[in-house]
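Each remark here refers to the structure printed beneath this line.
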Amino acid sequence: MTAIATDNRPTQTHAEVTRDVVATLGTQSRGYTLMLFGAVALFLVGALTFVLLLKDGLGLAGYKSPVMWSVYITTFVFWVGIGHAGTLISAILFLFRSPWRTAVYRATEAMTVFAVMTAGLFPIIHIGRQWVFYWLLPYPNQRFLWPNFKSPLLWDVFAIGTYLTVSTTFLVVGLVPDIAAVRDKVTGWRKKVYTLCSLGWTGSDNQWRHYTRGYLYLAALATPLVLSVHSVVSWDFAMSIVPGWHGTIFAPYFVAGAIYSGVGMVFTLLIPLRKVLHLEHMITEYHFDNLAKLTLLTGSILFYAYAMEYFVAWYSGVAAEQTTFYLRAFGPMWWAGWTMIICNAFVSQLFWFKKIRTNIAALFVISIFINIGMWFERYVIIVSSLGNDHLPFAWGQLDPTWADWGILAGSFGWFLMYFLLFARTFPIVAIQEIKEMIPMPRKRAGGHH
Amino acid sequence: MSKETNEEQRPGIDRRQFLTVAGVAGVGTAALSGCSTDRIEKLVPYMVGDEDHVPGVATWYASTCTECPAGCSLHVKTREARAIKLEGNPDSPINGGSLCARGQAGLQGLYNPGRLLGPKRRDADGSYRDITWEEAIAELAAQVGSAGSDVHVLSGAGAGSFTDLLTEWVGALGGSLVRYQPFDNEALRAANQQVFGRGDVPDFAFGKAGFILSFGTDFLETWQGQVENQRGFAESHGYHDGHMAKHVYLGHRMDLTGMNADEWHPTHPGSDAVVALAMANVILSERERAPADAGTLRSVLAAFTPEQASQESGLAPEAIRRIAREFASHKSLAVAGGIGSQHRGAVEACAAVNILNYVSGNVGDTVVFRGGRPAADGYGALESLASELDAGRVAVLIVHDANPVHTVPAATGFADKMAKAGFTVSTASVMDDTASQADLVLPNLHALERWDDLRPAAGVQALMQPVMMPVRDGRATGDVLLEVARTVGGPLSGLDAPSFEAYLKQRWSNIAAARGRTDFRVFWQEALGNGGLFDEAAPGADVRLADGARRIGFQRPTFDGDGEFVFAPYPSSMLYDGRGANKPWLLENPDPVTKITWQSWVELHPDTAASLDVREGEVVRLESPHGSLEAPVYVYQGVHPGVVATPLGLGHTAYGQYAEGRGVNALDLVSGEDGAGFLPYLSARVTLHKTRRYQKLAKTEGNPRQLGRGIAEAMPFAAAVQGQTPAEVHGGHHEVNTEREVEAIAGWGEAQRERLDKGDYQGEHPNWGMVVDLARCTGCSACVTACYAENNIPFVGEQEVVRGREMSWMRIERYFEGGEDGEGFSTRVVPMMCQHCDNAPCEPVCPVFAAYHTPDGLNAQVYNRCVGTRYCGNNCPYKVRYYNWLAYPKLNFEEPLPLQLNPDVTVRARGVMEKCTFCIQRIRGAQHQAAMEDRPLQDGEVTTACAQACPSGAIIFGDQHDPGSRVAQAAEDHRGYHILEDLNVRPSVTYLAKVQHGGEH
Amino acid sequence: MANAMTPGVLGAFVHVDAATDAIRALRANGHTDLTVYNAAPNHEIEEALEHKVSPVRMFTLVGGLTGCAAGFAMTIWMSLDWPLLVGGKPFDSVPPYTVLAFELTILFGALFTVAGMMILSFLKPTTKLMYDEKFTDDQIGIFVPCAPGAAGGVEEVMKRAGSVEVRHAS
Amino acid sequence: MRKLVLALGVCTVLALGALAFTSRSAVWQGPAPGDSLAAPTLAAGDTAGLPGPRQPIFFRHDIHAGQYKMQCQYCHYAAEVSQEPGMPSSQTCMGCHLVIAGSDSSSRAEIAKVRDAHNAGEAIEWTRIHSLARHAHFPHMRHVKAMGPDACMTCHGDVARMPQVFKVNNVTNMGWCITCHLERNVTRDCSACHY
């Protein structure tokens, strides 16, 4: 193992690890209850909005031709992006055997699952006839009709579907041994529940033998997946001929953005959570420092991508492209354009300084900026590009309404609700992986060969 | 009565009852269920079978349009015995097969939700109660009986049997009949009287002219017969094999007519007379072969120099000379007398233009006096009636087919004077501004529900017949008059016709007799079938100058008040004199110039706006000595900096839900005080006050500039004559790929297409395509309404238009050119509908194949498959896909509007995308017909609604695979180009670049 | 309940090297079907047990291939079943279908892997074996199935290796 | 490779399932040899026992089309020339029933209803049995022309044997149309019916 890792190896004994993590379950702390309450309230706002959308139609939202996609798709892409950091940390860093992922990966993985769950709602929310969304699935029907596999939207359906399934599986598989550990600590009805969830795990050598191997392959599969999913999402735009969408760098650009926003969200979630659940000694500056470095990397990639978009627009000599990008910076939506550039390209550069990378308060504030910035990135790409298309006479600028914000708020509520409930019910820190890092006691003195 | 005569009396009334709402073809609200799957539960058959009514098959009737005095002939399409579309009658010399937006919107008058359910009586407390027709007629008869000779009738009906009956009726009573139409050409007729000694309106042969000069006269909008003028204009000004007339427009505002001019010169309001005279002077002094008696004018004209005219008009002297010379060197035509420039000197202006025409030898050539154009009695007559009313000398006032309370300035106090009448009767079928002051309202039947005829032009006697059962319990005013006559007896006993239909037939039997037609029934059936009698127009009278011609002169017209701006109200090409204001199709059809819908607005020149620091959408208050109004600003380069312009037609106090309280009535700022028997619209000065309130304009215009994207192409006349392509005009298209790359790309494309020979795509298919000739298109927007009517397009209302959600499948894009740093300001229009691209970008992105390509080259949209992802809308570079954000049909089609819906077209449900289908229902219908007759489809057998309606014939539709088809040949034209060609989407619509004169001099 | 349990001896260890010693000794004595419980995977124990590599990867491979094939088959067959022309593209246009094939490869691969893990684990169930809750916490457990007669010897071996507790199941 | 075949197999099975699901409803095969077309005697009271909705007038297709072998188009004349089959006007009924009063009491009663309705000028509101969604256009005349006199029965079933008409086939189901169009190898283009 590398030096850093050795220095930051957890200091507790196996027994302490189990104790501390099990202690987080079923927390009653006020902070937690408040957060949960807020989340549910937000969710209800969204639910109500959705009911009204079903009743009266999407006209309630601020849609304005030619801006036929707006806040909903923006939020969709935003949540898909959030998911990516989780898989990156849990799968890719697992393959790279990087030690600092251990303490945080369970939380980020949960974040992934719930973020993708949230994103998965939007294709349904945003279509005009929500009640026939299943027509997008290839199922045998009396009409003999199949969906159009040439449509990027169908790629989306498959990509998001796969991503949700795989990341959920990955999370559950990782959870089983920990649930078993919890099972053996708790009593009463909770024991029954956990027994059920632990799928008869005993930690026998045979189970471990297949488990470790299988987990490795899951990680190996999740890695290309995480790269593909946001590429596919980016192709929803890149495959079209809308000036401002029609870009070849979209796939890497979006993937970087996704991870950037995802890590941002990890900060936003973990910083309060570790306080509420008293995990400060398990999730430490050391972890945030590394996460921040990741943010710096992806943020810089975004910086490059933004610059490159403008360069290509200018260099291509295509009038429509040039107009679109000019208007992004100086058009009616200049404020959104600059929000995105400042929050993403510039703010991320602060992480060159270790002082900031390890200052929890600073990290939290910056992470908020990152979330805002990344939401606006999608907003700008979608709304401002559509608003200034090929035919000037048909131009139009969006003005969102309560229905847009209602759904946006609801999506946050929906996500946080699940995340908080998860944190309360399952080990938010991976017990067995931490134990794996802690050397077991030996009767003979001296390390093992 | 014997059964036989009974057949005679009421032919077809009961053969024309339409199926009740549950009909086989799903009439009415049931039709709204459109894309959803609710079904009709009851089947209601016709009571009596009818040979010319097969359910599911359209029946056509000939009739005549009454939306303006032009008298265009109609073909009315009925399905299941309800009128669903109005089209032009090809036999008519006036409108040919075409029809303007207003005419087509007549249907929404027929099915207007505001129509009265029956006669109404006003009680003492001013509220109205429903009464029966018997009561109503008894009441009227009693009033008339006791009124003696103090019965006065105010009628807007055109010349025809009804007016004749009215004349007899009033005459018998010894009362007076005032025939009043708001835009009555009083000034023009007075000028003709003065200059030529005859007070009628001539025919203007726009089609024959090589040079058209308009003095602020909107002959493409509301002046004379719009459709007739436009057809002529397209004939001469539409570029064809090396020929194109030049059109110069002098006026303080660039209206639609000005937009179609090769040159527009913003002249000072009221200066037209002197400019015309100066031109006449130039021509006469430089030209030998002028009409003999024109010489006598030399002395008079000598006084009017281009320099003087230049001072008055702001038009450069050399420009005046140049235009005069061009005018004289072509077969030319000058027109004046437009409502928009009807100032106090209007008679002088028209007289001056008469002189100009005369000295150029146009009179008898392009200006032909046939005495065929009937006119009403003019504004003067209305004024005298008003004074009669004021003096309380009117016992009974009957207002028919007129709305003076709205069309006469409030300053004249006509409403108050009308209140002094003993008893006021209105025959309006909708509670309009005037009817809502009447004691008795006897709703007339709509022109499509009653018998009538018109004599709108020389040689034209147009018939109207009931094409369906009345939608509401109205009664033809003709019948009412006759019934009153029967009841009153006495002086009226002479009018003994049992019904107006009988009266009409009596008169037509005289016509038959006069033509030596013995069998009247045959003659009548022919006439009904043809829509009347269309005879060769008589040769024009030989017209010479009258003595009055020497009395021509010019003095600066006076304007009331000392405001800094001249206030220029102008008639809206959609709302006409305001009668269009209760028809959503017209309210939502964007104004061709400003592209604003549903609202009133104030036009300001950019410089004016800058100096006042007001922006578009800011509500300003205009104040004149006669009143004030508040409306949002629209900044428009095409208006004289010293002028603020506002359209007429809105600001109704009553007139149904769509019109009431909407917008402002520009006449509130104008006085009724006039010079000579006409209403001087252009007679007030206004001061402009900012309110710092803002109102979003309901306009369909995004960005009015093309940004060099080559959307609406145009080329100089010279280039067109040399057969250049638009690309060449731009200095040639530069190919970025190498020779071999181009080949490779093409080859690859071919390879792809060869793989498409599967399923329904095997074998030969037509490839439907369209050609739009921008040299002919004027932007009049008749096609837009045609599309609404044919395709059940819902109107969405002001608020939704503000949010850019209008559903108009056919969009007339209007782009501004130049106008900055000194260069001339001009506009271009381009009709934008689905281009049915062969490589349609909207198709592959649809996840459910709702958007796909048919074997016959259509870009189809399957509404019931659409889930509403709107990806197609995003990916359409032409932005011609429209989305049902809300359930517009259910929200907006109030009873009985749904009766108009076309049963062959699905009504789209909420949440689905829709767009132009190239009228696929017409294509499929024609294909079915051909298949039933085992024959191939012929070129021209099927055309789209827009192409059918277009008065300019600017749109050609057909099969591009058929080399002989008109469309295939037109697409070969050197002016042809595709919009956004670089995207390689391969549109099926080819545009022919506009051609502009200019630069020749 | 008890009679359902497999007879044998269960030893608990705190020290990892003690456990490995025990394992080696027991295997030497011919007790090859040991079951070793541990809260986390541990190399030393694995080495002591001399496990071969788990065959779970075969499931992953098969799953992936199935997914890939299914992806291409479904898309191509379905677009030819009712050919509809969109955007002038061929009905069976493979490039876009690669995306779907890829996604299905991952999906099937993952699901097969999990299935494989479960099947392989359940092939050697631990439900009938003696077990203690400390093993998911901080102790290592070794269970040796053996006839009650042989139990004494096994306990002896464990004790010598340093087990902290030994129990018998019969 | 076996996997590929297997996957293909799965898809085909699914599709076949769909096909079976849609084409299960029977297509009329023409009268079986030697069965009589004589219609049973029924009174209006018996309609409750018969399939199909009860109509305002107990009109006996089995008598008109069956026993007397009247062509469908004699009354539903529009079906030959129009998209809409239309319903015969009461005048059409009276064409015959001015002279035909009915053989037994029950039929006389029903015929009387028609006559009264006609004289009173009231429309008879028949209960609709086959009703296509508004977004599907079905040109009856094309089908009658293409498939000849038996065309009607293909979808509407053997009406000539129905004392009271009922729905035999799920004709409002797109699968019904497609199956037939596939069998006869005629167009499946969406825009042939949907516009």
Side-chain angles (χ1 to χ4, degrees), chain B residues 745-763 765 767-768 834-862 865-866 869 871-872 874-878 881 913 978 983-988, chain C residues 54-123:
Chain B
I745 295 167
W748 179 83
E750 270 325 298
Q752 298 296 303
R753 300 202 169 277
E754 279 158 15
R755 294 170 61 185
L756 297 178
D757 196 28
K758 290 197 178 70
D760 294 324
Y761 296 85
Q762 288 161 334
H765 297 282
N767 184 298
W768 302 107
C834 175
Q835 307 282 306
H836 293 268
C837 315
D838 289 352
N839 294 348
C842 54
E843 292 165 355
V845 298
C846 176
V848 293
F849 285 120
Y852 82 106
H853 219 66
T854 68
D856 48 355
L858 294 174
N859 169 259
Q861 177 71 12
V862 185
R865 178 64 173 169
C866 178
T869 68
Y871 199 166
C872 53
N874 289 344
N875 213 23
C876 171
Y878 303 95
R881 292 182 153 265
M913 190 63 74
H978 293 145
L983 296 175
N984 188 37
V985 295
R986 309 204 173 184
S988 296
Chain C
S54 156
V56 74
R57 52 184 171 180
M58 285 318 296
F59 286 81
T60 317
L61 178 66
V62 170
L65 292 176
T66 317
C68 186
F72 279 115
M74 175 183 72
T75 48
I76 293 173
W77 178 77
M78 284 181 180
S79 31
L80 293 179
D81 177 46
W82 185 329
L84 284 169
L85 171 55
V86 290
K89 295 172 167 47
F91 301 114
D92 49 351
S93 161
V94 172
Y97 297 169
T98 337
V99 177
L100 292 123
F102 171 83
E103 298 297 342
L104 288 190
T105 311
I106 303 286
L107 182 62
F108 281 46
L111 294 179
F112 272 51
T113 310
V114 176
M117 284 161 63
M118 301 183 99
I119 293 164
L120 290 169
S121 311
F122 290 137
L123 284 182

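Residue numbering restarts at 1 for every chain, and letters A, B, ... go by the order of the sequence lines. No hydrogens, no waters, no symmetry mates; every other heavy atom, side chains included, goes into these values.
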Which atoms of [X] approach chain C - backbone, side chain, both or neither, heavy atom under 4.5 Å:
X	answer
B:N839	both
B:Y761	side chain
B:P841	neither
B:A751	neither

What residues of residues 84-94 of chain C make heavy-atom contacts with chain B at a cutoff under 4.5 angstrom?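 Answer by number: C:L84, C:L85, C:V86, C:G87, C:G88, C:K89, C:P90, C:F91, C:D92.
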